[in-house]
Amino acid sequence: MKSGTLQLQLQLHLSIMFLLKTWRQTAFGVYGYLNFTKAGFLDHSKKFKPEEIETQIPGKNCIVTGANSGIGYAAAQGLAQRGATVYLVCRNKERGEAALSEIQTRTGNQNVYLEICDLSSVTEIKSLASRLSKKNVPVHVLVNNAGLLEQNRVTTSEGYELNFAVNVLGTYTMTELMVPLLEKASPDARVITVSSGGMYASPLTKDLQYSESNFNGVEQYARNKRVQVALTEKWAEKYKNKGIGFYSMHPGWAETPGVAKSLPSFSKALSGKLRTSEEGADTVIWLALQPKEKLVSGALYFDRAEAPKHLTFAATSGSHALIDSIVDSLHSMASPFVN
């Protein structure tokens, strides 16, 4: 009798989890189609104030990861156009140099520099942080844009699942190691982490490296992006007295080389309906330019406005209670490089 009851409870639990997952994906799909496409951007942009994005920021130092294409490139170019000194952090030297040359030519700003770093490697991020620390320049804006959606399970040379290594561990390590340089730009320093609307379909989980045998790259990406949003909340709390603002944002559905490569069927199905990289990067630039008193540290932004972090009835908000144990795991993986 007891085993029969347990079996029934297990079946009920699995059924509820299946329905919840289906609801999340359906709600995300509908919400996304109405808001994340080019049509959504054009509708939301009717409320934009042009003067909010015309500010010039000469003398400010900005770091943009994953800056050789897509949203990272558009964000870096937008910041360079406004007079900032911009450091492009790219994995591929050739593509990074091409992006550097193009941005300098298009903006007329020669204060754009290239730093080569594979953000899937804690060791390489440590080396990058060391190089930037030697320059001893204050960092006013760190844009954590570099992201990856690898459909197959790939393990890095340091032993981590590749999506997680770039999207979560790389973002965590880069941010923590930049805190001393961000403090130098206090009280104007800010960290902007580019998440994804995909995180709406996933709660936070301690299974950071997707230990399940049937690996799902899209689901892992969504999980990673949920961690970024929760980490931003945690950083805002941890560093609230350091004069650093932490913001996550999501760019909507943009037509970028990364999306075309990772999600070809999605890209094809929504051809002509996706945002441009510039539209995707608009809120990154907006967040970099606003007076900090207008922004909420720890918040998620979308199309120049604070956005909900959870969809109605999606049962994802309670999962953020796991962030402390997740941070402990990330800290041990990034050690001995992060204090």
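Side-chain atoms are counted along with the backbone in the values below, which use heavy atoms only and exclude waters and symmetry mates. One is the number of the first residue; the rest follow in order along the sequence.
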> Between F36 and Y200, how do the two ring planes meet: parallel, tilted or perpendicular, split at 30° and 60°?
Replying inline: parallel
> What residue pairs, at least two apart or across chains, pass salt bridge (charged side-chain N to carboxylate O under 4.0 Å, His left out) with a residue in residues 317-326?
Replying inline: K234-D324
> Please, which pairs that meet salt bridge (charged side-chain N to carboxylate O under 4.0 Å, His left out) have at least one residue in residues 60-79, sequence neighbours excluded?
Replying inline: K60-D188
> Quick check: are there more than 12 heavy atoms from other residues, nucleotides or ligands sitting under 6.0 Å from CD of E94?
Replying inline: no
Cut-off 3.5 Å, no hydrogens considered: what does the side-chain donor-acceptor table look like for residues 244-252, sequence neighbours left out?
none

>> Applying side chain to side chain donor-acceptor pair (under 3.5 Å) to K184 and N136, what does each step give before you reach the verdict?
In response: CA-CA 9 Å; K184 288 179 182 291; N136 203 30; 3.1 Å; yes
> Are the side chain of Q220 and the backbone of L208 linked by a donor-acceptor contact shorter than 3.5 Å?
Replying inline: yes
>> Treating R82 as the side-chain partner and I53 as the backbone partner, does any N or O pair qualify as donor plus acceptor under 3.5 Å?
In response: yes
>> Tell me if a side-chain donor or acceptor on Q290 pairs with a main-chain N or O of K292 at a distance below 3.5 Å.
In response: no
> Nearest heavy-atom pair of A236 and S297: which atoms, and what distance?
Replying inline: CB-OG, 3.3 Å
> Would you say the side chain of L148 lies within less than 4.5 Å of the side chain of F164, judging by non-hydrogen atoms?
Replying inline: no
>> Can a donor-acceptor pair be found, under 3.5 Å and without considering hydrogens, that links the side chain of H44 to the backbone of G40?
In response: yes
>> Has H140 got a side-chain atom pairing as donor or acceptor with N61's backbone, closer than 3.5 angstrom?
In response: yes
> Got P257 and K261 here, is their nearest side-chain heavy-atom distance under 4.5 Å?
Replying inline: no
> Short question: side chain of R223, backbone of S202 - any donor-acceptor pair under 3.5 Å?
Replying inline: no
>> Just to verify, what does E279 make a salt bridge (Lys or Arg N to Asp or Glu O under 4.0 Å) with, not counting sequence neighbours?
In response: K38
>> On a heavy-atom basis, which atom in I57 and which in C62 lie closest, and how many Å separate them?
In response: CD1-SG, 4.4 Å
>> Between N163 and E161, do the side chains contain a donor N or O and an acceptor N or O under 3.5 Å apart?
In response: yes
> How about K294: does its NZ atom have over 12 heavy atoms from other parts shown lying under 6.0 Å from it?
Replying inline: yes
> Apart from Y210 itself, what residues make up its hydrophobic cluster when side-chain heavy atoms of I, L, V, M, F, W and Y under 4.5 Å apart count as a link, directly or indirectly?
Replying inline: F215
> Can you name the closest pair of heavy atoms from A80 and V86 and give their distance?
Replying inline: N-CG2, 3.8 Å
> With T171, which residues qualify under side chain to side chain contact (heavy atoms under 4.5 Å, CB included), at least two apart?
Replying inline: N144, T175, T193, Q228, W235
> Is the backbone N or O of P203 less than 3.5 Å from a side-chain atom of R226, with the two atoms forming a donor-acceptor pair by type?
Replying inline: no
> Does R304 make a cation-pi contact with F48, if we ask for NZ or CZ under 6.0 Å from the ring centre and within 45° of the axis?
Replying inline: yes
